[in-house]
Amino acid sequence: MSVEKVKRSFSLAQQRLEGTKDSYGKLIREIVNTGICTHCGACVATCDVLEWVDGKPKLVGKCTGCGVCYNQCPRTLTLESALIGDYITSYSARATNPDIKGQDGGVVTALIEFLLDKGFIDSAIVTMKDPKENWKPLPSIVHTKEELLKSSGSIYCHSQTLIALISAIKNGDSSIAFVGTPCNIDAVYKMTTSPTGLLNLFMRANIIRLGLFCMDSFDYRSLKLFMANHGIDINNVEKMTIQKGKFTFIEKDGKISEFPVHDLDIAKSSSCNYCIDLTSEKSDISIGSVGSPDGWSSVLIRTGLGNEIFNEAVKNGYIEVNEKGPSMKAILFLAKLKKVSLYTLKKRRTFVIRYVGEEGITEKKLVETAPKKEVVLEDTIAKLKAVKMSKPKLIDNDKIISITLTNVSGRSMEDVIVNISHVSEFFETASYNDKISVWYPFEELEFQIPRIENDQEYLVRVIDKESRVMTNKIDIQKLIPQQK
Ligand SMILES: Cc1cc2nc3c(=O)[nH]c(=O)nc-3n(C[C@H](O)[C@H](O)[C@H](O)COP(=O)(O)OP(=O)(O)OC[C@H]3O[C@@H](n4cnc5c(N)ncnc54)[C@H](O)[C@@H]3O)c2cc1C
Ligand code: SF4
Ligand code: SF4
Ligand code: SF4
């Protein structure tokens, strides 16, 4: 009877997790291999195909990739509070003042407008575009509505907002709205609460923390170089957005240039690789774009002060609330993507990477190239369908082919060689090899292959210890029109 109960609970958990893509592979890579496993045994206790062997959970049967083990583990990030911190309530909202040209719903600017109009604050700390160098962030103190209206919109680079905050206090302002990314908010929080924090000692001020959501920000010079390399004139750019994995530059003449955010990894600020706070967990009110329709902002109210300010701004007609709240699922998904950097690893392993220096784009191999191996071409193993290949994509101005391979065999595969070669009239004209020592079930691996000139067809071969597992073709001619 008790065994039956366990089975019923297991299958209910499986149903609830359907489509989450959590798996045993993720448990091993994120928790066990990184050394943060507490050896509690919850994963092994959960599933019949896991055993505790040599101080870790080991797969001894066929894994279905259901992810129940992952969700029992005390070290995985699957609970809402672990992902976005505590909050009282959430809204989708926008400014009512048509003069506010916000990044999303203009909620940040509308909140400050309300606070300034009512005399509740002396000033606000915002970030403007530097008039001397376009799109360079300029941390600023604003006292009037006219100044404020120039400050809306996002600049995706670090801004030294704390310098502006302390200047405002030095100038005698004592009630201040502060806008910042989660790292900026953390600085204010620490300075206000820690025993050695200046704002906790004699230099007190009432600071309302308006925290932005933030996935990453970029080094100003590298971003400028990226734009120049892609024919985008920084002085002509009207707006930049980061949404749904795409970095978009919108120019004054309406030209739109869009890139996977991943393409800008080279320009990303290094600190952002170690950052785990998406939603400004230490703020009074957090505001972001993800989770709300275009033209609306997602708002998380975290403190009593934040609640009062937001409600009063709504009551006084500065902010309009959408009847439909934000998609918490979308916010939590993005928050999790960020929190996994806690494990100092990427969700996917990418095997060929590019980096940009002053000299332009250069190819760099991440792992040692495995020696080439004679392969017996048999189709029998291919029928096992052990590896699934995603639809190939062209990225970085069509210079790179990106594919994702997933181990769908249900078993860990060892010493796997992935060979990607360009084939022209039966001859191999370029070849890339990578060796994967362990490939866990349902783990996705991303490969980026630089295209060669006048390419036609690439052959992707995955070979395990004994023989070939899978072959697949990439026909470039078919890919280009599809993508356009
Ligand atoms: C670096 C960065 C990364 C972001 N990443 C994400 C993300 O991944 N997902 C997501 O949902 N939202 C992200 N956002 C937040 C989003 O872009 C909007 O700022 C947010 O939705 C508020 O929009 P709004 O229209 O209500 O604000 P607005 O009324 O347009 O006001 C925006 C406020 O942000 C200030 N600001 C602009 N740039 C900076 C900066 N670099 N540092 C500090 N303050 C600044 C402005 O001065 C202004 O006060 C990011 C913002 C930044 C600055
Ligand atoms: S993901 Fe695999 S190992 Fe984990 S509970 Fe499901 S079947 Fe078991
Ligand atoms: S449940 Fe997590 S912490 Fe516990 S033994 Fe398994 S992997 Fe380690
Ligand atoms: S990702 Fe983190 S460190 Fe980088 S700007 Fe955003 S909050 Fe700051």
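Whatever order the structure lists them in is the order used to number ligands and atoms, beginning at 1. For clarity, every value in this text was computed on a predicted model and none was experimentally measured.
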Among non-hydrogen protein atoms, atom 4 (Fe) of ligand 3 lies closest to Cys40 SG, 2.4 Å
Residue, atom and distance of the protein heavy atom nearest atom 21 (O) of ligand 1 read Asp104 OD2, 2.6 Å
Cys37 near atom 8 (Fe) of ligand 3: N/O/S under 2.8 Å: yes
Checking heavy atoms under 4.0 Å, the part of Cys63 that sits near ligand 2 is both
Ligand 1 atoms nearer than 4.0 angstrom to some heavy atom of Val290 are 10 (C), 11 (O)
For Ile287, the atoms of ligand 1 under 4.0 Å from one of its heavy atoms are 20 (C), 22 (C), 26 (O)
closest protein heavy atom to atom 15 (C) of ligand 1 is Phe213 O, 3.3 Å
Atoms of ligand 1 under 4.0 Å from any heavy atom of Val126, numbered from 1 in the order shown, are 47 (O), 49 (O)
Atoms of ligand 1 under 4.0 Å from any heavy atom of Gly106, numbered from 1 in the order shown, are 24 (P), 25 (O), 26 (O), 29 (O)
Under 4.0 Å between heavy atoms, the region of Tyr70 that gets near ligand 3 turns out to be neither
Q) Is any NZ, NE, NH1 or NH2 atom of the basic residue among Glu251 and Lys239 found under 4.0 Å from an Asp or Glu carboxylate oxygen of the other? A) no
Check this for me: does any side-chain nitrogen of one of Arg94 and Glu320 sit under 4.0 Å from a carboxylate oxygen of the other? yes
For Gly41, the ligand 3 atoms with a heavy-atom partner under 4.0 Å come out as 4 (Fe), 5 (S)
request  = Could you walk me through whether Glu30 and Arg75 pass the salt bridge (Lys or Arg N to Asp or Glu O under 4.0 Å) test, one step at a time?
outcome  = CA-CA 9 Å; Glu30 291 179 5; Arg75 284 288 165 109; over 6 Å; no
key: Sidechain N-carboxylate O distance under 4.0 Å for Asp277, Lys338   = no
### Query
For ligand 2, is there an atom lying under 4.0 Å from some heavy atom of Leu50?
yes
| Are His230 and Phe259 close enough that their ring centers fall under 6.0 Å? | yes
Review point. Are any N, O or S atoms from Cys66 nearer to atom 6 (Fe) of ligand 2 than 2.8 Å?
Key: yes
Counting from 1 in the order shown, the ligand 3 atoms closer than 4.0 Å to a non-hydrogen atom of Cys73 are 1 (S), 2 (Fe), 3 (S)
Atom 6 (Fe) of ligand 3 sits nearest the protein heavy atom Cys43 SG, 2.4 Å
Side-chain heavy-atom pair Leu223, Lys268 within 4.5 angstrom cut-off: no
